[in-house]
Amino acid sequence: MADFKGKNVMITGATRGIGRALAQAFASAGANLAICATRENALQEAAAELAAFGGKVYTQVVNVSNAQDCESFVANAVKELGSLDVLVNNAGITKDNLTVRMSEQDWDDVIAVNLKGTFLMSKAALKVMFKKRSGSIVNISSVVGEMGNPGQVNYVASKAGIIGLTKTLAKEFGSRNVRVNAVAPGFVQTEMTDELPEDVKAKALEAVPLKRFATTQDIAKAVLFLASDDASYITGHILAVNGGLYI
Ligand SMILES: NC(=O)c1ccc[n+]([C@@H]2O[C@H](COP(=O)([O-])OP(=O)(O)OC[C@H]3O[C@@H](n4cnc5c(N)ncnc54)[C@H](O)[C@@H]3O)[C@@H](O)[C@H]2O)c1
């Protein structure tokens with residue numbers, strides 16, 4: 001995997017699931033980390049584990065849908081780590097329902113965290129990257145943002161929105177040597193998918209040519225690649241990590 005020795009990496013939603021695996025992968029590649037999530041105790045627990053890799057670990061409770069939280073997280077991360085090289089916008093939520101049953105509140109909540117949160121954190125980080133004329137942002141979209149999914153109109157719209165946001169930021173900031181890409185995972189093996197009934201899992205796997213769910217490490221490898229200098233001429237790209245589910 002790419003070397004991130006001495007690089008300063010911010011990850012949102014890093015206490016569990018994909019974000020936790022991302023933090024471990026960047027830390028084991030030598031990065032200093034600034035991680036945020038919604039719960040202080042979960043952040044402390046993650047930080048204790050990540051400190052074993054030897055880099056600095058800054059933590060902050062942040063609601064990514066709040067502009068002040070995003071500004072202060074970036075400012076504090078730069079102060080604590082010294083600079084900012086990579087931002088991964090990973091924090092995300094679901095509030096699923098069929099469209100006619102979905103409340104306006106559930107629509108607003110999911111768009112606020114997933115899409116507005118990605119915009120606000122990117123905006124805060126880009127002010128730093130723009131000035132230093134280097135940086136890399138990786139956003140976490142989803143295969144459903146590309147193919148649609150019944151019962152998830154809010155989530156799908158947020159993840160499709162992230163694709164448009166990624167392409168636009170790539171065009172706006174390319175001349176400042178800031179690259180902006182996204183990873184679009186398919187089914188990922190997490191606590192959430194572990195709990196699915198066996199028949200539901202089997203049906204989901206039928207549609208996946210590689211016949212397995214992604215591990216969180218499969219997603220981390222793709223994110224680290226896009227964040228690294230190995231992807232130095234790649235920007236505005238949406239990298240599908242879906243086992244062939246959507247081709
Ligand atoms: N799990 C999958 O199968 C899958 C598939 C495709 C895409 N994704 C995307 O990957 C990302 C991570 O998914 P996961 O399954 O690991 O999620 P998760 O629910 O396990 O973890 C989400 C993390 O985001 C944080 N978070 C939630 N709301 C926040 C807020 N308002 N401000 C700051 N942090 C907040 C939580 O504290 C937690 O650390 C999400 O964007 C998700 O949409 C997941």
Side-chain angles (χ1 to χ4, degrees), residues 10-25 33-47 49-50 59-70 72-74 77 87-96 108-122 124 138-149 152 154-163 165-166 182-196 200-201 204-205 207-208 212-220 222-223 238-243 245-246:
M10 287 180 58
I11 306 168
T12 67
T15 51
R16 46 181 243 190
I18 294 170
R20 180 76 168 255
L22 288 173
Q24 289 164 345
L33 297 176
I35 58 171
C36 74
T38 48
R39 287 174 35 234
E40 177 65 30
N41 55 348
L43 276 168
Q44 290 315 321
E45 196 242 320
E49 178 196 88
L50 294 165
T59 64
Q60 186 173 325
V61 172
V62 165
N63 176 0
V64 295
S65 64
N66 180 291
Q68 278 178 345
D69 278 16
C70 293
S72 92
F73 182 47
V74 170
L87 165 66
V88 184
N89 283 305
N90 166 77
I93 60 169
T94 53
K95 291 195 177 184
D96 299 349
D108 285 347
D109 289 349
V110 169
I111 298 292
V113 175
N114 299 7
L115 183 55
K116 186 178 165 188
T118 300
F119 161 70
L120 291 173
M121 196 61 82
S122 299
V138 183
N139 298 320
I140 307 298
S141 178
S142 167
V143 67
V144 300
E146 300 173 301
M147 61 192 280
N149 202 27
Q152 289 197 304
N154 50 0
Y155 182 76
V156 169
S158 74
K159 294 297 179 179
I162 286 174
I163 292 174
L165 177 149
T166 299
V183 167
F187 297 115
V188 185
Q189 198 182 328
T190 57
E191 290 94 334
M192 193 181 76
T193 44
D194 283 347
E195 281 167 19
L196 290 174
V200 175
K201 267 197 251 185
L205 282 178
V208 180
R212 64 174 181 87
F213 290 147
T215 62
T216 52
Q217 287 80 15
D218 289 323
I219 309 304
V223 171
I238 314 304
L239 183 54
V241 188
N242 63 29
L245 173 63
Y246 181 70

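Starting from 1, each residue takes its place in the sequence as its number. Counting starts at 1 for both ligands and their atoms, in listed order. Side chains included, hydrogens not; waters and symmetry mates left out as well; all remaining heavy atoms used.
Counting only heavy atoms from C-beta outward, the side chains of Val64 and Asp69 never approach each other to under 4.5 Å. Two residues are said to be in side-chain contact when any heavy atoms from C-beta on lie closer than 4.5 Å; Asn89 and Val138 fail this criterion.
The option with the heavy atom closest to atom 41 (O) of ligand 1, from among Asn90, Thr190, Ile140, is Asn90. Taking all heavy atoms of Ile93, Val241, Val61, Ile11 into account, the minimum distance to atom 27 (C) of ligand 1 is reached by Ile93.
On a distance-only criterion, Val64 and ligand 1 share at least one N/O pair closer than 3.5 Å. At under 3.5 Å, a nitrogen or oxygen of Ile18, whether backbone or side chain, sits near a nitrogen or oxygen of ligand 1. At least one N or O atom of Val188 sits closer than 3.5 Å to an N or O atom of ligand 1. The N/O atoms of Val62, backbone and side chain alike, include one that comes under 3.5 Å of an N/O atom in ligand 1. Note: an N/O pair closer than 3.5 Å links Tyr155 and ligand 1 by distance alone. Note: no N/O pair closer than 3.5 Å links Ser141 and ligand 1 by distance alone. Any N or O atom pair closer than 3.5 Å counts here, and Arg39 shares no such pair with ligand 1.
With respect to the salt-bridge test (charged N to carboxylate O, under 4.0 angstrom), the residues Lys159 and Glu146 do not qualify. Of the charged side-chain nitrogens involved, none lies within less than 4.0 Å of a carboxylate oxygen, so that Glu45 and Arg39 do not count as a salt-bridged pair.
Put simply, the side chain of Ser142 gets close to the backbone of Val144: a donor and an acceptor are under 3.5 Å apart.
Remark: Phe119 pairs with no residue by the ring pair (Phe, Tyr, Trp, His ring centres under 6.0 Å) rule, at least two apart or across chains. Checked against salt bridge (Lys or Arg N to Asp or Glu O under 4.0 Å), Asp218 has the following partners two or more places apart in sequence or in another chain: Arg212.
When non-hydrogen atoms are compared, ligand 1 lies under 4.0 Å from neither the backbone nor the side chain of Arg20.
Numbered from 1 in the order shown, with element, the atoms of ligand 1 that lie under 4.0 Å from a heavy atom of Ser142 read 6 (C), 7 (C).
For Gly186, the closest heavy-atom approach to ligand 1 falls below 4.0 Å.
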- request: Verify side-chain hydrogen bond (donor to acceptor under 3.5 Å, both in side chains) between Gln152 and Asn149, making sure each step is shown before the conclusion.
  value: CA-CA 6 Å; Gln152 289 197 304; Asn149 202 27; 2.9 Å; yes
